[in-house]
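Working notes for the structure below.
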Amino acid sequence: MKIAMTGVSGHMGSEALRQTMELGGVEYIRVLLSCKKRNNKLAKKLKKRYGDRIGIVRGTIAQRENCERLVADMDMVIHMAAVIPPASDSSFSASCDCNLKGTVFLVDAVKAMVPQPKFVHVSTVALYGNRNEKHPFGRVGDPLIVSAYDTYAMHKLRAERYVLDADLHCFAVLRQTAMLNPNMLNDNISDGLMFHTALNAPLEWVSARDSGYLVRRLVERELEGGLSAFWNNIYNIGAGKKGRCTGVDTFDEGFALIGGSAEKFLRPHWFAARNFHGMWFSDANELEELFGFQRDGVHDYWQEIGRCHKIFALGKCVPAKLIDFFLFRRLLKHPNSPREWLKRGDTARVIASFGSVRAAEELSSSWEDYALMKKGDFGDYDALRDEKNAVLLDHGYDESKPLGALSVEELGHAANFRGGELLSEEYGGDPYAKLTWRCHEGHTFAASPFTVLRGGHWCPECCLPEPWRFGKLARSSPFFAQVWYDSNSEDEHYGYGFDGEGKAVLLTEDEA
Ligand SMILES: [Zn+2]
């Protein structure tokens, strides 16, 4: 088998390349590496290690020719490249180039080939947007409500839609979750990004090592010829119950390595109350049953980081007050920190993250006053994290039936549940064939029942920011309303956008 990979300089991609190369049936892997200086060293290392088994295309993914050279003559393409926050927050164009344009060019290159290689697209949990204690569990098919000003999620949502609309012969979309990796402490203490984490955000982690193992298992099963049940579908990657925690536990795990806790170093009002992303997956077992890749748990992984980096033993000798003063006070003043938005009058971002300026100002600085899932304030925490107790969202159709067995009336009902209607009068039972739909605002669009019902996508005009106009959508769509009002009030009549200079601006629902 010959495979093309993007993103091999990243956490998931490097693990996927290393572990897939261990398979004897893999003849050749061609990778794309950008011309960044640090990739020179990586290119040399890969050539030395793998010799003729590896091919390297150097250049940006945002150029059509590079994507065409990458995928030529390959049997499978595994697209893992991404520009993630905080890099995507500070450079809109870098995010657009890699997350959106790169995907478009790869998909086009795959479509032009005869026969087409199989295409694995790594998408993201960020598509689902904000969750809290009201619906911590979700699954494929839930509404996609990317958080306002999350440039990464916005481009990834558009990219995934492009993949699904492309009529590829053989594809899989893997929505990747928050990823545990050996550098995660360093990666998260240089920017205000850490304060975007809502403390009750349900997070289901997976390690980069297991994500790479998932890719290896996928290739291995494909070599064995036993993968027909996998293709042409969408999945969530997660570690299952042992990966489930909340925003605040993540800080607790990290600080435990230096003898501290979130309570000791941080204050709750520093953190956004909403507009984050992450959820626990009630369907995490779907990929696990196919590939058996879930090995690392979140707690054990943090312990492993602590053992691997001797520096954490030193950290225990540093007085907590010093760490607090030098590190977090500095990060709080970073332009990407919610407290700084409040200070600088960035009203659009403050309202998106807290509901109102007043709510942000009045948020308690005391841990005692702050209700947390972790403390048991919303019921037994261990039981809450069990998928058996998950409260699932309604997808507006009978999910016990395969999509191909639904009637045109049932598809019409699903469209009504989304606030719109199905215009096509016939449905031949091919869930991947496009039908015509209309949203509540009268936009007409073509999409397959698979994209709408299984994927959770809907009207491109209303659902692909920017601007972000989900508040208006929720008023007409029970499908979106059932989760939107978990963290938004009916009194809020906002849309969110950028002005001509890229500054965040608060819009009315009608302007959006
Ligand atoms: Zn619309």
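What you see is a predicted model, and the numbers here were worked out from it, not measured in a lab. Every number for a ligand or one of its atoms is a count from 1 in the order of the listing.
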Single hit among Phe276, Trp341, Phe498, Phe92 for ring pair (Phe, Tyr, Trp, His ring centres under 6.0 Å) with Tyr149
Phe498
Quick one: list whatever passes salt bridge (Lys or Arg N to Asp or Glu O under 4.0 Å) with Arg217, sequence neighbours left out.
Glu220
Face-on cation placement of Arg418 at Phe479 ring, 6.0 Å and 45° thresholds
yes
Restricting to under 2.8 Å, identify the protein N, O or S atoms around the Zn ion (ligand 1) as residue plus atom.
Cys439 SG, His443 ND1, Cys459 SG, Cys462 SG
Contacts of type side chain to side chain contact (heavy atoms under 4.5 Å, CB included), residue Ala109, not counting sequence neighbours:
Glu68, Val71
Would Asn200 and Arg131 count as having a side-chain donor-acceptor pair, cut-off 3.5 Å?
no
Could you work out, with side chain to side chain donor-acceptor pair (under 3.5 Å) as the rule, every residue matching Lys111, not counting sequence neighbours?
none
